[in-house]
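Contents: one structure, followed by commentary.
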Amino acid sequence: MADRFEYTVEGVGDFPLDMLRHDCAYPADQESVAAITAGFRWAASRKRSRETLLVRLVSNRAPTSERWRAFGWIVTASRPELEKRGSP
């Protein structure tokens with residue numbers, strides 16, 4: 001069994017892409033991918049206002065909340081789940 005962490009980050013503007021590498025995380029769904037790209041400066045100026053973005057992420061380890069905060073984003077929800085290998 002491996003730990004699986006699902007969490008949500010919230011922020012405005014550019015999404016800190018390096019946090020995906022740092023926390024070994026990836027978007028949990030297509031809506032989160034869209035929110036990440038909408039936060040890019042080039043996309044934000046064309047598609048949407050500087051509204052708060054919510055991005056659901058998945059990782060094999062807990063998020064580093066303090067580092068997210070340093071980028072101006074906060075971890076608003078976090079829950080570890082156990083992934084059962086070989087379960088139907």
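Taking Arg56 as the reference, Asp29 meet the side chain to side chain donor-acceptor pair (under 3.5 Å) condition, with sequence neighbours excluded.
The distance from the CG atom of Leu57 to the CE atom of Met19 is 9.0 Å, given to the nearest 0.5 Å. Atom OG1 in Thr76 sits 6.0 Å away from atom CG in Leu54 (nearest 0.5 Å). Distance check: Trp68 CH2 to Glu10 CD gives 12.0 Å after rounding to the nearest 0.5 Å.
For Tyr7 and Trp73, the gap between ring centers reaches or exceeds 6.0 Å.
Closest non-hydrogen pair, Ser59 versus Asp23, comes out as OG-O, 2.6 Å. Residues Phe5 and Arg61 share a closest heavy-atom pair of CD1-C, 3.1 Å. Taking both residues in full, the closest heavy atoms of Ile36 and Pro27 are given as CD1-CG, 3.8 Å, listed atom of the first, atom of the second, then distance.
With hydrophobic clusters built from ILVMFWY side chains whose heavy atoms lie under 4.5 angstrom apart, Val55 shares a cluster with Leu17.
The side-chain heavy atoms of Pro63 and Val9, taken from C-beta on, include no pair separated by under 4.5 Å. Considering only heavy atoms from C-beta on, Asp18 comes within 4.5 Å of Arg67 through its side chain.
Of the possible donor and acceptor atoms, none in the side chain of Thr52 sits under 3.5 Å from a partner among the backbone N and O of Val12.
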